[in-house]
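Here the structure is a predicted model, which is why all the values come from computation and not from measurement. Throughout, a chain's letter reflects where its sequence line sits, starting with A, and its residues are numbered from 1. Side-chain atoms are counted along with the backbone in the values below, which use heavy atoms only and exclude waters and symmetry mates.
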Amino acid sequence: MSTPLIRVYNTLQHAKVPLEPITPGKLGVYVCGPTVYSYVHIGNARTFTSFDVIVRYLRFRGFEVKYVRNYTDVDDKIINAAKASGEDPIALAARFVGEFEADAKALHLIAPDVSPKVSETIPEIVALVKTLVEKGAAYVSGGDVYFEVRKFPGYLKLSGKNLDELQAGAGEREQKGEVKRDPGDFALWKGAKPGEPSWDSPWGKGRPGWHIECSAMSSKYLGETFDLHGGGLDLIFPHHDNEIAQSEAASGKTLCHCWMHGGFLDLDGAKMSKSLGNVVQLRDAMKRVDPEALRYFFLGTHYRQALAFNDKMLADAETRMEYFYETLKKIDERVTGKDFGQGALHGDPERFIAQFDEQMSDDFNFSGALGVLSGLFAELNQLADKPPVKDKPMVGRTLVALRGVVTRLSKVLGVFDDVPADWLLRRRDRQVVAKGLDVAKIEGLIADRKAAREAKNYAEGDRLRAEAKAMGVEFIDSPQGTTWKVIAELATA
RNA sequence: GGCGUCAUAGCCAAGCGGUAAGGCAAGGGUCUGCAAAACCCUCAUUCCCCGGUUCGAUUCCGGGUGACGCCUCCA
């Protein structure tokens, strides 16, 4: 089978470029992780899911990926949150690392190979700052150390901004003070203030500035130059520009070959932000919608594109997940424990893998890949319910092969990787709770209807069906008896 | 003001020069005592507008219009 060349959109070049690993067969990937001062919101979750699928796909393609995603656990926001709650900043950060990991697991995010923390990287950060000072790229001022942006020739090459125009627009915010030589200079190291976490350094007690931690952690685990660096779109400036400046001024080498940025999740036509008060936490979203459905929703739009978050889309995603799982349940019942012998297949199940590859290799075209999935599941259903050929063993063999394809793709997407019957039941349980349904009553209706139908009293049977429907419950008749499901509707918060 | 992204059917969404994937919704059908699920069929002569390049443009270029983002913490 042909394996298409992977092309990735590189923010640095504003173009899709062929992925050329520094070391053949291997890839170093760094993704800017959460600042752990609160629970993650669904916007974070979208970005992390995007890179989760990207790393899974890269591995699917046979690359040995070293995946690093950090925790920023020393930061102004954490200190402020700790002040507000009266907690120790380090302890608060540690607590939210734990909460993040729980959320990440629930969302089916694979664990990175390394999840470094700022608090555990202080010696490397101090060494890096020291190097920058020694090379004349940074200077000490009071107890602080600043990076001197005017001395770094390629500054702002990622964002394409202009330093002078930037400062012209900054107005009152960044006046030239006593401490900084230039308003654009940024802190590598901040002198300690009372009540803040601090560490010893050649410049006295203090803590790292923003930006520097990622430079230190990426070089520690991936080397001075690595393949892919990811993060949200908002990190381009200043965070990634500053990372490039610090790292490249220190090493004299290119920090990263390819910079990838994920698009935002919008709520009510605007970016989610604290100031607008429209933040939805991931864990709250996962109470309302199945985590896999949430992943599927994220994957419905290309990772660089804005995605509007709303209840209708979420409900659609869950309905779609139900279709996938109903199909898989049916196939599994049809196929498990049976021997269909050896021989030819109907059609070519592997073509779906090729089509999937074609989409994903083109800058990870998630929605294109999902389109391929539709064809796969349609074929599965068609073969199971209306087989176009009479050769039953052949149909069985093809079903088995197709099911195998589904499994392989589900490992990349991180959806419908559960036991179908379990997933379906779990979803129904959640719907029952959300709607406050009385299961005993539903089963009572089913029993009454069974009796009515056995007495050929179909009018009564239909009346009972209608009664259930009024409650939001659908009866499903089959030769094995009557089961039921909750009519799709998103659970309210 | 500077930088950047985007504009495709009722809705969501691919498409990257060769004549519009996929999903939801809707309508019709098969199946069913009635349903549900599944399957089949229908559903954009057209891709915000105006120019240009080309044999050919939704796709490239120029100019509009509109939306969003970054420039302050942010995934």
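Nearest to the side-chain atoms of A:S374 among the listed nucleotides B:A75, B:G22, B:A35 stands B:G22. Of the candidate nucleotides B:U30, B:A35, B:G33, B:A35 has the atom nearest to the side chain of A:E474. Of the candidate nucleotides B:C71, B:A75, B:C24, B:A75 has the atom nearest to the side chain of A:D234. With B:C71, B:C34, B:G23 as the choices, the nucleotide that has an atom nearest any side-chain atom of A:R453 turns out to be B:C34. Minimum atom distance to the side chain of A:K485 is reached by B:A37, of the listed B:A14, B:C34, B:A37. Nearest to the side chain of A:H14, among B:C39, B:A35, B:G4, sits B:G4. For A:Q305, taking side-chain heavy atoms from C-beta onward, the closest of the listed nucleotides B:C6, B:U30, B:G69 is B:C6. Among B:A36, B:G2, B:C39, the nucleotide with an atom closest to any side-chain atom of A:A378 is B:C39. Closest to the side chain of A:I476, out of B:A13, B:A36, B:U5, is B:A36.
A:R288 has no carboxylate O lying under 4.0 Å from a charged side-chain N of A:E318, or vice versa, which leaves the two without a salt bridge. Salt-bridge formation is detected for the pair A:R283/A:E99: a Lys NZ or Arg NE/NH1/NH2 atom is positioned less than 4.0 Å from an Asp or Glu carboxylate oxygen. Classification of A:D418 and A:R426 as a salt-bridged pair holds, one side-chain N sitting under 4.0 Å from a carboxylate O. Between A:D52 and A:R295 a salt bridge is recorded (basic side-chain N to carboxylate O distance below 4.0 Å).
Distances shown here put every side-chain N or O of A:K469 at or beyond 4.0 Å from the OP1 or OP2 atom of B:A36. Between A:N381 and B:C39, a side-chain N or O to OP1/OP2 separation shorter than 4.0 Å is present. Of the side-chain N and O atoms in A:N162, none sit less than 4.0 angstrom from OP1 or OP2 of B:C3. A:Y323 has a side-chain polar atom (N or O) that falls below the 4.0 Å cut-off from OP1 or OP2 of B:C39. A:Q382 has a side-chain polar atom (N or O) that falls below the 4.0 Å cut-off from OP1 or OP2 of B:C40.
On a pure distance criterion of 3.5 Å, no polar donor-acceptor pair joins the side chain of A:R46 and the base of B:A75. Between the side chain of A:T47 and the base of B:A75, at least one donor-acceptor pair of N or O atoms lies under 3.5 Å. Side-chain atoms of A:D462 come within donor-acceptor range of the base of B:G33, with a qualifying N/O pair under 3.5 Å. The base of B:G69 has none of its N or O atoms less than 3.5 Å from a complementary donor or acceptor on the side chain of A:R304. Contact annotation: side chain of A:K312 to base of B:C11, donor-acceptor pair absent below 3.5 Å. Counting distance only, with no hydrogens placed and no angle test, the side-chain atoms of A:K16 and the base atoms of B:C16 include a donor-acceptor pair under 3.5 Å. For B:A14, its base never sits under 3.5 Å from the side chain of A:H302 at any donor and acceptor pair.
B:C24 and B:G10 make up a base pair, with Watson-Crick or G-U wobble contacts both under 3.5 Å. Across all strands shown, the partner of B:G69 is B:C3, judged by Watson-Crick or G-U wobble contacts whose two distances both fall under 3.5 Å. Using Watson-Crick or G-U wobble geometry with both donor-acceptor distances under 3.5 Å, B:U45 finds no partner in any strand shown. B:U58 is unpaired under the criterion used here, namely a Watson-Crick or G-U wobble arrangement in which both key atom distances are under 3.5 Å. Pair assignment for B:U32: none, as no Watson-Crick or G-U wobble contacts are both less than 3.5 Å.
Both the sub-6.0 Å distance and the 45° axial angle are not jointly satisfied by A:R428 relative to the ring of A:W423. Geometrically, A:K271 engages A:F264 in a cation-pi contact, judged by NZ or CZ lying under 6.0 Å from the ring centre and within 45° of the ring axis.
The distance from atom CH2 of A:W484 to atom C1' of B:A35 is 17 Å, rounded to the nearest whole Å. Between the CG atom of A:L314 and the P atom of B:C24 there is a distance of 16 Å, rounded to whole Å. One can place OH of A:Y458 at 5 Å from C1' of B:G33, the figure rounded to the nearest angstrom. Going from atom CH2 of A:W259 over to atom C1' of B:G4 covers 17 Å, rounded to whole Å. Atom-to-atom, CE of A:M313 to P of B:A13 comes out at 7 Å; the value is rounded to the nearest Å. B:U5 atom C1' lies 8 Å from atom CG of A:L233, rounded to whole Å. Between the CG atom of A:N457 and the P atom of B:C34 there is a distance of 16 Å, rounded to whole Å. Summarising the geometry, the separation between OH on A:Y9 and P on B:U5 is reported as 5 Å, rounded to the nearest angstrom.
Comparing the P positions of B:C3 and B:G63 gives an interatomic distance of 13 Å, to the nearest angstrom. Distance check on atom P: B:A20 versus B:G2 gives 39 Å, rounded to whole Å. Spacing of P atoms, B:C24 relative to B:A38, comes out at 9 Å, to the nearest Å. A distance of about 27 Å separates the P atoms of B:U8 and B:G56, rounded to the whole Å. To the nearest whole angstrom, the two C1' atoms, one in B:C48 and one in B:U59, are 15 Å apart. For the C1' atoms, the distance from B:C12 to B:C70 is 26 Å, rounded to whole Å. Using C1' as the reference atom, B:A44 and B:A14 are 15 Å apart when rounded to the nearest Å.
Between A:F324 and A:Y296, the ring center distance clears the sub-6.0 Å criterion.
When only modelled atom types and interatomic distance are considered, A:E148 and A:Y155 share no side-chain donor-acceptor pair under 3.5 Å.
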